[in-house]
Each structure stands twice: as C-alpha cells, then as structure tokens.
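Because the structure is a prediction, the values reported are computed rather than measured. Letters go in sequence order (proteins before strands), and every chain restarts at 1.
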Amino acid sequence: MPVLYNHKEVEEKWRRRWEEVPVNPKDEKKPKYYCLDMFPYPSGSGLHVGHWRGYVISDVWSRYKLLNGYYLIHPMGWDAFGLPAENYAIKNHVHPEISTRKNIENIKRQINQIAALYDWDMEVNTTDPDYYKWTQWIFVKMFENGLAYEKEMPINWCPSCKTGLANEEVVGGKCERCGSEVTKKDLRQWMLKITAYADRLLDDLDKLEWPEKVKKMQTDWIGRSYGAEVEFKVSGSDDVITVYTTRPDTLYGATFMVLAPEHELAKKLATPDHAEEVDAYIKRSASRSSVDRMQDKEKTGVFTGSYAVNPLNGALIPIWLSDYVLIDYGTGAIMCVPAHDDRDFEFAKKFDLPIIQVISPDGVENPDLTEAYVGAGIMINSGSWNGRKSEEMKAEAPHIMEERGLGRKKKNYKFRDWVFSRQRYWGEPIPIVHCDCCGAVAVPEDQLPVLLPEVESYEPTGTGESPLAAIDSWVNTTCPKCGGPAKRETNTMPQWAGSSWYFLRYVDNKNKEALVDRKIADSMLPVDMYIGGVEHAVLHLLYSRFYTKFLYDIGVVGFDEPFHRLFNQGMITGKNGIKMSKSKGNVISPDDLVENYGCDSLRLYELFVGPPELDSEWDERGIDGVYRFLTRLWNLVINGNVVAETSRMEKLRHNMIHDISERLENFSMNTAVSGFMEYTNKMNEVARAEGGIDQATLEAVVTMLAPFAPHIAEEMWEHLGHDKSVFTDNPWPVFDTEKMKEDTIEIALQVNGKLKGTVSVAADAAKDEVIAAAKEALGNKVAGTIVKEIYVPGKIVNIVVKK
RNA sequence: GCCGGCAUGGCGGAAUCGGCAGACGCACGGGACUUAAAAUCCCGGGGGUGGUGACACUCGUGUGGGUUCAAGUCCCACUGCCGGCACCA
C-alpha cells in the first residue's frame, strides 16, 4: 500500500523531533556564519505572506550554510518601541507594554510556523529595560564624546504624529510613517553628530558587498561635493558674504549673488528704497512650507539694493534674495553664474540680469546663449585664466583664492546631523539631567537604565514636550554632579536607537556588565549576510553603520562595519502590484495556507513566485504546483524502489547537484526550486524505465531539498535508512564535472543562422567529424557555395552559404 | 528635471561567455483510471500561411536602426512602467 503524503503528520512529527534534538548544535570549532534578518516590529495585525518571504529566503540560506559545515548564528528579536503600539495605547487605554507583549506572542507563533532555525536563546527586545539600558549607555558615550549635543533650531515636525523627525524620516516633504505634510517648528533638540562620520560612511561603502542601488542611495544621501568658499565684500560696507561653490572656475562669470531669505545679512543689506519689498519677501518665505516652496514652477526673488564686489575683477554685482537658495546648505548664499548654471540662468532671464560666458566648448563666445552650458571647455572672458581648460581651473582656483586670502578649498555634504529627540511616550528616555548649575549632565552608568515611567495619558501633547513632562515626580530629580535640584530630560529616542545595534546584543544578550563582550562580538561579527527590505536604505542601514563605527572608535567592538553582505528581498504584492495592507483589504495570511498545504509547500512557493530580489504578485493558485511536486517526489522516494545505480542515474545525479548548487549559490532560489521539479520529472522518467532510483541519487536530492522543505526532507531521509537528522553531519553533496558528461550530445544545425534541425554526435567528436555529420544531416538544405563553417563545441553548427 | 531598474506566450517566470527563445509552474485542451466526480498519471499547447494528421514555409523577446555567421543578450535612438533624489549652487 502506498503511503500518502500527509503534510500535517509529517510536519508535526518533525517539529517535535527538532525540539528534542536541535539540528543546530553550537559547535564553535567550525567557522561561524552569521545570517541576520531585519527584526520585525511586533504589529497587531500579524504577518502576511510578504513578511514570510524574507524569513524563508534567510532560512534557506542559513540551512544551506549549516549543511556546508558552518556554525550558524541565526537570531531573531523585536523592534518593539514605536508609534503604533503607542497609538493603540491611546485609543484603548492599554499600556503599550501589554499590547506589545501580546503582539510578540502572536507574531512569534506565526514566525514559528515558518520552521526557521532561529535560536530563541539569543532573542532580544528593544523595550526590555535590560536591553535599553545599553541603548541609553551608547547615548551617554556619545554625549561624553561630544557627538550628542543640544540645539534649538527649526526642525521637521509632523503635526499628526506630534513629534520632531530626522531628515531621513521626511520623504518628499511628508512624514515617512503617516504621510502627513511636515512643517517646521523651533525646538530644543538632541542631535547626534553623524556628519562627523560622513567621509567614513561614504568611503567604507567600498568594503561592502551590498546592492549597488543601496550604496548609491547612501552616497547620494550623504551628498559629498568638493569646491571652494569664496568671500565677496559688500560694496560700501565692512560686511563680507561667504559663498560655497563647486565651480570656482566660473568665478569671472558671477554676475549677481543670491542669499537665502533667512540669511543673517538679508535685512541689513536692504537699502532704504528696497527695505519694504525685502521685508515682505522675507515674511512671505517664512510663512510658506518647504513643500510649497519646492513646488514653485517659477523662481521668485527680490533685489536688496546692495552690491558685492567680485574678488577677481572688482566688478560690482547686485545682491538678491531668493528662496531657491537654502539656508541650511553651504553658507546660505551663492554666487550666480547664469551662463553655466541652469537655475542661475533661469533667474537671470526672469529678472533681466547680465549673463557673461566664461567657458566655451571650442573657445569661441556664443553671442546668444539659449541655455546654460554646464560642461567643460576653454576659459574665456576670465582675465589671466583665458585659454586654460576649465577643469584645470576648477582644481586650481581654490588655491589661487587661498593665496590671496579670498577663500579656501571646501568640502560639503548634503546630509545633516541626526535629530534624535521625539516628543512621544513609547521610547527610551534620553538619559540626561538638566541642572541649573551644571547644565546637561549624563545619568551615571550605575543609574542606568532610566526607566520609562508609568503615565496617566500617553497622548502626545503637541506642544513640543513629551507626555513624560507631565509627571512631576519623575521629572524632578537631583543633579548627579552637584546634588542640587534638577530636571530630567523628557524627550525619548527615535525607534532607530534600539535597532542601530541589536545585532551586537544577540550574541551576548544576557551580559549584565557590558553591551557585549568584546571577544564574543569579535568572534561572531560582523554579520555575514543581512536580509531585509530596501526601505531602510538610508535609515536603519545608515544609522547602524554610524553606531558601529562609533562603538569601534571607543573600543567596544573590533570592526567598523556591521553588515558585510546585504540582500534586499522584493515585496510580495496583491493583485496588480498593490502593496498588501489592511486598509486595502488585500492581505493574505499564511495561517490558512499552512493549514491546507503545509509549511514546506508554502516555503517553496514563496521562493517559486519569482526572483527573490524582485517584487512579485501573489497568485494563490500557483501553490498547487509546488504541493504536487512534493507529492511526486514523496511517491518517488517513499513509495518507489531503491535500485542499483546505473550510469544514467549517476550522470543525472551529478548534473542535478551541479545545477541546484549553482542556482542556490547565486541566490536564484526560484530557479533552484524549478530545478528540483525538473530533476524530479527526470528521475520519474528514469524510474519508469529502470524500475527505481539508486540510493545515492535519492540521498542527494533529499539533502539539497532540506534547506527548502525541511520537514518532508527529514521524513524522506529517515525513510532512506538514517537515524540522525538530515542536517546533522550530512554535508551538502558534491558533483564531479567528469561524471556529468553525456556520451552523445545533440548539436543544433543552422544554415545562415537559421535553425534547420539537430544531429546527435559523440561527445568527444572533433570539429571535422561534427561538420561532416551536420552536412549529412542537413542534406540538400545546404544549397549554394559554402563560405564558412562554424562549430561551437557542444552547441551549434552554422553553415554559411552564398547562393 | 536628474539618477537607477525593468519590458519575453493567456499568466508567473526561464535562458553562465552572444549559440536550438519560452525551462519550471499556473491556467487550458486531450487521453488513462472511475458508474461518475475529485485526486492521480500520461500527452499537447508562441503567432501566421499553406497542406491530408504527425509536414513545409514564415514572423516572433516594448519600438526603430546597427554590429555579427549568429542578438532576448552587445551598440545607438526612442516609448512605456516602477523606484530613488528633487532648486544641495
């Protein structure tokens, strides 16, 4: 009687077995392999099939490494601070800790359905005081090292979340989390000096095996540029306006200047007859949001009435104000060269300002420029620089200015320091005490963690203070330095604080003395493979790199990049590529699929839908295909016969091992799965012809399937006569290219590049023999004079004829 | 506007270095088994034209050109979709 494939029985059996005898014993003599998933936020809505995908990809990769003899490190934890839990608390008056605990329980159950090899002994939870003690400790260290500082400044403010945001959290002028339009608000903020690490964050990208796309996004975000600062004297005054330019070569072509309306000299430069207009423009700019300003189709501006002096030729150039110049980049003032910059050209045309060409592609002046020429060329109208190459002058000009005391070489970055305070409840309290005498004082290490206190209302105040500010008994404390009365910092940290270093804590998660033991960290890290979505390209991934570099600098760890290799899995979407979400009602839960098809089938199907790095539409019908495949393989192994090996089986086996290993090694998991199907079909064909399949071939396919479909693989492995788990002491099978070769091969035949048929020849046949066989097979299809005979060994013969 | 990525049957997708386009699967059609259905197994499917049915010719990987004995793959120009950045001087 054939034994039917019953996924429930098989999966339950092996889950019990794995609990009794773990398949990933910690053998520290083996080389380590740290495969990390981006840890989830424990949301109330649970996992959908899209979340599954990343976890399945990482688990297949992990188990593959395990079978290749590595000591696998594969942890999981919870990024549990953050707004959704807090919003839920506000609505339902449940402490976020309680709802978070409940959500973790549910998601853990769902994650366990995946049957991934997570080591739950390593689990971390960012909201656990034993964990956030060290999140706070890192902040204190940054503070001590001058990297955390307070500043009163206009910051991005989300009126809906009622909190300040980092620049990285503002996407197209909107809040990354809720989509509300971001406004500006003057607030006292804690900042982290991430810009101090700009060059290292940029240059060290070269060391990483990351998708080029992500590297480029970080490069663009940091936005390093090289140029010069140049000083322009204001005519008839002692004021000096410093500008930043990446094109010091065009200095002779500067015909006007523009300052941001917020520039400190803006008002002062207005001459009496322009004062009213200037004042109005400044007021108008201040009242408009950055989104409005961005959407302006035409440039606006106002003349101050003042003139600056071009430091090279003494020309008087008018000084304007315009909001296309940003106050927080460079110096907030620019020199304008309309002939060689699109924006300056547009501004000059609109306000009828002079345009002087100083670079020409051919050295000849073009009398009527219709657009700015931004390329390189020969200097003209530039005094002693005339005739030189613009690129040379670009490099020389900063030095010339420096010698004359008129400027200097300068490097600039687009990204800013990290706004680190949040005016919300559910986050780590910033461990600082404000004392009237001593100023901001860090909470001493032995008093960490600063526990998040109980509070009556979680509601954000919207005033720029966090709900913690209302708890007098918590706020009022004593200064750790002088013992005098002091107040606690009431802002909390952003969610990124806890997620910027969690991968370090996993490997030593119970350490009471240190964030992580240096020796353990250095032996387990950096992470070899990090798997997650691309949405964190400039958020979590940039912050984690910054944290790791800082911890390296203060000697906590011995490496300065956290993630050696990064893989971004594509999203699983609903029909028509629509993102799965509760509000769109297109969420597919894995629960029913696991029930009806089993974990193994769902794992395979998650991979089979498409290339792991691309988005894929979920089509529920397809899962039948992988279930049928598992049944076919089951019938072959469990219900089929084991026979003596034939040469046909041996060849099939070596080809199968080669093909599937290669596909998996290339992270092409969709084609690896199709490879299993392909070879199962072939094995069935052989089994029909020869009565069964040999033991070695069956063992090979079962071993290779194990990372993909672990339960059924274990069952088949046991059926093949093994007591131990397929994952224990059973290496990934190897292939021998010699044994893959067929005796005869089929050659495609072409005449003038068009396919005309095929012919079988001996695998080792020489070119002449193959061509002769080809001509014979083609017969009268070769008509005319043969001009050329091409033979691509093992593939194709092409006969070129002329009529 | 700038910078990336993608475009292949009814559908998801395959195709190392340029070498038989459409692997594998879904859906579909036919057959076997069955009283029947489901399940399972086997077989067949890019389009067009002609022919008697296993045959021949021809077109075919977003569009138009090019290189080559040979192009989904390389080059040039363009179109569409997706993503990132968006006045950073």
Short question: side chain of [X], backbone of [Y] - any donor-acceptor pair under 3.5 Å?
X	Y	answer
A:His340	A:Ile359	yes
A:Arg177	A:Glu169	no
A:Asn568	A:Gly532	yes

For this session: Determine the contact category for A:Arg632: base if any of its heavy atoms lies under 4.0 Å from a base atom, sugar-phosphate if only primed atoms, P, OP1 or OP2 are that close, otherwise nothing.
Result: sugar-phosphate
Problem set entry | Sugar-phosphate, base or nothing in reach of A:Lys414, heavy atoms under 4.0 Å | base
Respond yes when some side-chain nitrogen or oxygen of [X] is under 4.0 Å from OP1 or OP2 of [N], and no when none is.
X	N	result
A:Tyr324	B:A89	no
A:Asn681	B:G25	yes
A:Ser225	B:A89	yes
A:Arg628	B:C26	yes
A:Lys788	B:C69	yes

For this session: Carefully, step by step, assess A:Glu262 and A:Asp328 under the rule side chain to side chain contact (heavy atoms under 4.5 Å, CB included).
Result: CA-CA 9 Å; A:Glu262 301 87 350; A:Asp328 53 1; over 6 Å; no
Problem set entry | Pair A:Lys349 + A:Glu371: basic N to acidic O under 4.0 Å | no
Problem set entry | Charged N-O contact under 4.0 Å between A:Glu606 and A:Arg53 | no
Problem set entry | Test side chain to side chain contact (heavy atoms under 4.5 Å, CB included) applied to A:Arg284 and A:Thr300, step by step | CA-CA 11 Å; A:Arg284 178 173 167 272; A:Thr300 60; 4.2 Å; yes
For this session: Could you tell me the separation between the CZ atom of A:Phe232 and the OG1 atom of A:Thr242, rounded to the nearest 0.5 Å?
Result: 10.0 Å
Exercise. So how far is it from A:Gln569 CD to A:Glu613 CD, rounded to the nearest 0.5 Å?
Worked result: 11.0 Å
For this session: Check every atom of B:C41, B:C87, B:U16 against the side chain of A:Arg688 and return the nucleotide holding the closest atom.
Result: B:C41
Problem set entry | 5' priority, RNA chain B, between A:Val538 and A:Asp341 [closest heavy atom] | A:Val538
Exercise. Closer to the 5' end of RNA chain B via nearest nucleotide, is it A:Val170 or A:Val534?
Worked result: A:Val534
Problem set entry | Nearest-angstrom distance, C1' atom, B:C87 to B:C75 | 35 Å
Distances for protein N or O near nucleotides 11-15 of chain B N or O, under 3.5 Å:
{"unit_1": "B:G12", "atom_1": "O2'", "unit_2": "A:Val609", "atom_2": "O", "d": "2.7"}
{"unit_1": "B:A14", "atom_1": "OP1", "unit_2": "A:Asn670", "atom_2": "ND2", "d": "3.0"}

Scan nucleotides 17-21 of chain B against the protein and return all N/O pairs shorter than 3.5 Å with their distances rounded to 0.1 Å.
{"unit_1": "B:G19", "atom_1": "N2", "unit_2": "A:Gln750", "atom_2": "OE1", "d": "3.4"}
{"unit_1": "B:C20", "atom_1": "N4", "unit_2": "A:Glu746", "atom_2": "OE1", "d": "3.3"}

For this session: Mind checking which stems touch RNA chain B? I mean at least 3 consecutive Watson-Crick or G-U pairs, both distances under 3.5 Å.
Result: B:1-7 with B:79-85, B:10-12 with B:24-26, B:28-32 with B:40-44, B:46-50 with B:55-59, B:62-66 with B:74-78
Problem set entry | A:Trp634 ring center within less than 6.0 Å of A:Tyr627 ring center | no
Problem set entry | A:Phe347 ring center near A:Phe256 ring center (under 6.0 Å) | yes
